[in-house]
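A quick write-up on the structure given underneath.
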Amino acid sequence: MKQYQLTERELNLLWDEAIFISHVNENKGFRQDEHGQWIRRSEFGNQNSEYGWSLLRIKNTNEKFDISDYIPCHWRIVEKQELSFERKNIKLKMLPLDDIAPEKRDNLWLSAQIDSAENEEKGYRVDIFGHWIGRQQYGEEGSPFSWCVVLVDTSESINGSQQLEMLPINLPYMQELLGLGQNSEEEWTAWDALDIAVDAADVAVDALISAVKLPFSFLE
């Protein structure tokens with residue numbers, strides 16, 4: 001995600017575009033973005049915070065940077081918009097659930113994104129698509145927090161560099177992605193970010209909107 005250095009005046013102008021909810025939340029520095037996601041005034045640019053936010057560009061009135069071209073938005077949604085402009089051919093391969101030893105599962109789960117100290121303590125993180133995964137719910141059928149291990153190959157990305165890694169992915173969402181892609185004999189699923197993956201990316205953004213609200217509530 002792009003990092004911006006804004007003046008206090010620019011931050012105030014941007015924050016004025018966030019949605020006021022109540023005086024109680026206002027006093028705590030909380031508002032919502034246009035997607036209904038909670039953001040905190042003091043967490044601008046902080047991707048390690050569940051209330052972090054950044055700039056989402058909605059118009060282009062000038063070649064130079066103009067704060068009026070932006071609105072405040074939760075950082076995960078901003079990041080997804082930036083990624084949607086990258087042209088990549090991504091191949092995914094879901095590894096058999098029984099092939100991953102218990103000690104390996106724990107290490108892989110630790111590579112997921114920390115959302116908050118509270119959720120970390122309860123054993124929940126988010127995968128690269130913004131979906132919740134539960135530390136103890138590996139391969140658990142019927143659980144929305146179940147997860148699997150996926151081999152990701154982006155070696156055909158536009159920069160030509162080879163990238164191959166194993167990542168923990170929410171199992172129900174991975175099963176949905178497999179249905180959207182084109183499977184090869186080697187069980188790789190081709191995922192074209194400009195064609196097949198357009199629908200998948202839309203689903204991912206919808207999931208992000210849910211992800212910052214579930215599974216636990218906040219703002220007592």
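Just so you know, these numbers use all the heavy atoms, side chains as well, and skip hydrogens, waters and symmetry mates. Remember, predicted model here, so these are calculated numbers, not experimental data.
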To the closest 0.5 Å, what do you measure between CG (Asn27) and OG (Ser22)?
8.5 Å

Centroid-to-centroid, Trp38 to Tyr51, below 6.0 Å?
no

Pairwise distance OG(Ser68) to CD(Glu10) - rounded to 0.5 angstrom
10.5 Å

Taking only residues at least two apart or on different chains, which pairs with a member in residues 15-25 satisfy salt bridge (charged side-chain N to carboxylate O under 4.0 Å, His left out)?
none

Has Asp98 got more than 12 heavy atoms of other residues, nucleotides or ligands less than 6.0 Å from its CG?
no

Distance (rounded to the nearest 0.5 Å) between Ile100 CD1 and Trp147 CH2:
8.5 Å

Any non-hydrogen side-chain atom of Leu6 less than 4.5 Å from a side-chain atom of Ile67?
yes

Is there a donor-acceptor pair closer than 3.5 Å between any side-chain N or O of His74 and the backbone N or O of His35?
no

May I ask you to test the Tyr70-Leu14 pair for a side-chain heavy-atom distance under 4.5 Å?
yes

Contact between Ile19 and Arg31 at the side-chain level, heavy atoms closer than 4.5 Å - yes or no?
no

Determine, step by step, whether Lys93 and Val150 satisfy the side chain to side chain contact (heavy atoms under 4.5 Å, CB included) criterion, reporting the C-alpha distance in whole Å, the side-chain angles of both residues, the deciding distance to 0.1 Å, and the verdict.
CA-CA 5 Å; Lys93 184 175 183 178; Val150 176; 5.7 Å; no

For Arg105, which residues count as a salt bridge (Lys or Arg N to Asp or Glu O under 4.0 Å) partner, sequence neighbours excluded?
none

Shortest non-hydrogen separation from Pro172 to Ser146 and the atoms involved
CD-O, 3.8 Å

Ignoring hydrogens and angles, tell me if any N or O in the side chain of Asp127 forms a donor-acceptor pair with the backbone of Ile133 under 3.5 Å.
no

Stepwise salt bridge (Lys or Arg N to Asp or Glu O under 4.0 Å) test for Lys28 and Glu43
CA-CA 12 Å; Lys28 295 178 180 179; Glu43 300 297 337; over 6 Å; no

Could you label the plane-to-plane angle of the Tyr173 and His131 rings as parallel, tilted or perpendicular, counting under 30° as parallel and over 60° as perpendicular?
parallel

With the 4.5 Å side-chain cut-off for hydrophobic clustering, are Phe20 and Ile39 part of the same group?
no

If we only count heavy atoms from C-beta on, is the Leu97 to Cys148 side-chain gap below 4.5 Å?
yes

Could you grab the distance from atom CZ of Arg41 to atom CG of Leu11, nearest 0.5 Å is fine?
5.0 Å

If we only count heavy atoms from C-beta on, is the Tyr138 to Leu171 side-chain gap below 4.5 Å?
no

Rounded distance (nearest 0.5 Å) linking atom CD of Gln47 with atom CZ of Arg76:
10.0 Å

Answer with yes or no after comparing the ring centroid distance for Trp53 and Phe44 against a 6.0 Å cut-off, counting only values under it.
yes

Got Arg125 and Gln113 here, is their nearest side-chain heavy-atom distance under 4.5 Å?
no

Membership question, hydrophobic clusters at under 4.5 Å side-chain separation (ILVMFWY): are Leu108 and Leu110 in the same one?
yes

Output yes when a side-chain donor or acceptor of Asp99 lies under 3.5 Å from a complementary backbone atom of Leu95, and no otherwise.
no

Can you name the nearest heavy-atom pair linking Pro72 to Asp33, along with the distance?
O-CB, 3.4 Å

To the closest 0.5 Å, what do you measure between CG (Asn12) and OG1 (Thr7)?
8.5 Å

State, with a plain yes or no, whether a side-chain heavy atom of Lys104 is found less than 4.5 Å away from one of Met166.
yes

Ignoring hydrogens and geometry, is there a side-chain-to-backbone donor-acceptor pair from Asn25 to Ile21 under 3.5 Å?
no

Residues Glu26, Arg40: salt bridge by 4.0 Å N-O rule
no

Under 4.5 Å between any side-chain heavy atoms of Arg135 and Tyr124, yes or no?
no

